[in-house]
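Encoded as structure tokens, the structure appears first; notes follow it.
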Amino acid sequence: NTATSTDSAALAVMHAWFVQTIDTVRGALVLHDAGLASTTSPLVRAALEYAVGMHWLRQVWDEGIGGLHNSHQRWAANLKRALAAAEAQDLHPDDPKWPAAWAELIAEIESKPAAPHVKGGGNIAERFEITELAHVYVAWLSETSLSHATQASATPYLEQIDDAYLLSRRPHALRGKSL
């Protein structure tokens, strides 16, 4: 709980990612200990991203902050398109302040000029390449396949025998002690 400060944006982001890594791993362990090990993949994947992100940012330093800003601008553009699609489909949320709050956020992000491109600024796979952590990339890809609605993420909850599927509420392929 010791408070400190820095004038380095890169160091501040690395600190935030470090704390986020610790908390994310703790969350995964809580789920694991509660018998929900098969649901930890999104957290494990995020922890790997934060850890590699810290390593990447240490290498690219201030240029990386610009890359993160550019990535944030791409996110805002995607959000803007999604909001327009939701409005076109007449899918407004119940809270009438929601669209205005998002519009303000998008305007704030768009008001800042883009930074020069930096490899890995918005592409996680490039961060693994820059940091030469291919083995961690393999682990990240494995967790990614289990973090989304994919065939791999369904596998622990079903078993195919001939033309029939045995369905299970509990995963038959456990992470067990691997986490």
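These numbers come from a predicted model, not from an experiment. If you read the sequence from its start, that first residue is 1, and numbering goes on from there.
- Residues Asp23 and Arg26 have side chains in contact (heavy-atom distance under 4.5 Å, counting atoms from C-beta outward).
- Taking a 6.0 Å sphere around CD of Glu132, one finds it holds 12 or fewer heavy atoms contributed by other residues, nucleotides or ligands.
- Side-chain contact check for Leu166 versus Leu158: every heavy-atom pair is 4.5 Å or farther apart.
- One distance of note links CD1 of Ile130 with CG of Leu57; it measures 11.0 Å at 0.5 Å rounding.
- Every ring pair (Phe, Tyr, Trp, His ring centres under 6.0 Å) that His72 has, sequence neighbours left out, goes to Trp75.
- Contact detail for Pro156 and Ser153: the closest heavy-atom pair is CD-O, 3.5 Å.
- Between Thr144 and Arg45, the side chains place a donor N or O and an acceptor N or O closer than 3.5 Å (distance only, hydrogens not considered).
- By the rule that hydrophobic residues join a cluster once side-chain heavy atoms approach within less than 4.5 Å of another member, Val19 and Met54 end up as members of separate clusters.
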Worked verdict on Tyr137 versus Val52 for side chain to side chain contact (heavy atoms under 4.5 Å, CB included):
CA-CA 9 Å; Tyr137 186 50; Val52 170; over 6 Å; no

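- Remark: side-chain polar atoms of Asn70 are not paired, donor with acceptor, to backbone N or O of Ala114 under 3.5 angstrom.
- Between the side chain of Thr150 and the backbone N or O of Leu146 there is no donor-acceptor pair closer than 3.5 Å.
- Within a 6.0 Å radius of NE2 in His15, other residues, nucleotides and ligands contribute 12 heavy atoms or fewer.
- Checked by atom type and distance alone, the side chain of Trp56 pairs as donor or acceptor with a backbone atom of Lys119 at under 3.5 Å.
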Determine, step by step, whether Thr24 and Tyr50 satisfy the side chain to side chain contact (heavy atoms under 4.5 Å, CB included) criterion, reporting the C-alpha distance in whole Å, the side-chain angles of both residues, the deciding distance to 0.1 Å, and the verdict.
CA-CA 9 Å; Thr24 302; Tyr50 291 126; 3.9 Å; yes

Assess whether side chain to side chain contact (heavy atoms under 4.5 Å, CB included) is satisfied between Thr131 and Val136, documenting all intermediate values.
CA-CA 10 Å; Thr131 57; Val136 180; over 6 Å; no

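- Between the CD1 atom of Ile106 and the CG atom of Asn78 there is a distance of 10.0 Å, given to the nearest 0.5 Å.
- Atom CD in Glu143 sits 6.5 Å away from atom OG1 in Thr40 (nearest 0.5 Å).
- Using modelled atom types, no side-chain atom of Asp162 and backbone atom of Ala164 make a donor-acceptor pair closer than 3.5 Å.
- Not a single salt bridge (Lys or Arg N to Asp or Glu O under 4.0 Å) links Asp62 to another residue, sequence neighbours left out.
- Hydrophobic clustering (ILVMFWY, side-chain heavy atoms < 4.5 Å, transitive): Leu68 and Leu11 are in one cluster.
- Here the CD atom belonging to Gln73 is positioned 7.5 Å from the CD atom belonging to Glu110, to the nearest 0.5 angstrom.
- The two residues Glu126 and Gly120 have their closest heavy-atom pair at OE1-N, 2.7 Å.
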Would you check, one step at a time, whether the test side chain to side chain contact (heavy atoms under 4.5 Å, CB included) holds for Trp140 with Ile124?
CA-CA 10 Å; Trp140 181 83; Ile124 301 299; 3.9 Å; yes

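- With rounding to the nearest 0.5 Å, the separation of CE in Met14 from CD1 in Ile65 is 8.0 Å.
- A salt bridge does not link Arg127 to Glu49: none of the charged side-chain nitrogens sits closer than 4.0 Å to a carboxylate oxygen.
- Criterion: ILVMFWY side-chain heavy atoms under 4.5 Å apart, direct or through other members. Under it, Phe128 and Leu141 are part of a common hydrophobic cluster.
- Dense packing is recorded around CZ of Arg74, with more than 12 heavy atoms of other residues, nucleotides or ligands lying under 6.0 Å away.
- Enclosure of atom CD in Gln160 by more than 12 non-hydrogen atoms of other residues, nucleotides or ligands within 6.0 angstrom is indicated.
- Put simply, NE2 on His55 and CG on Leu133 are 5.0 Å apart, with the number rounded to the nearest 0.5 Å.
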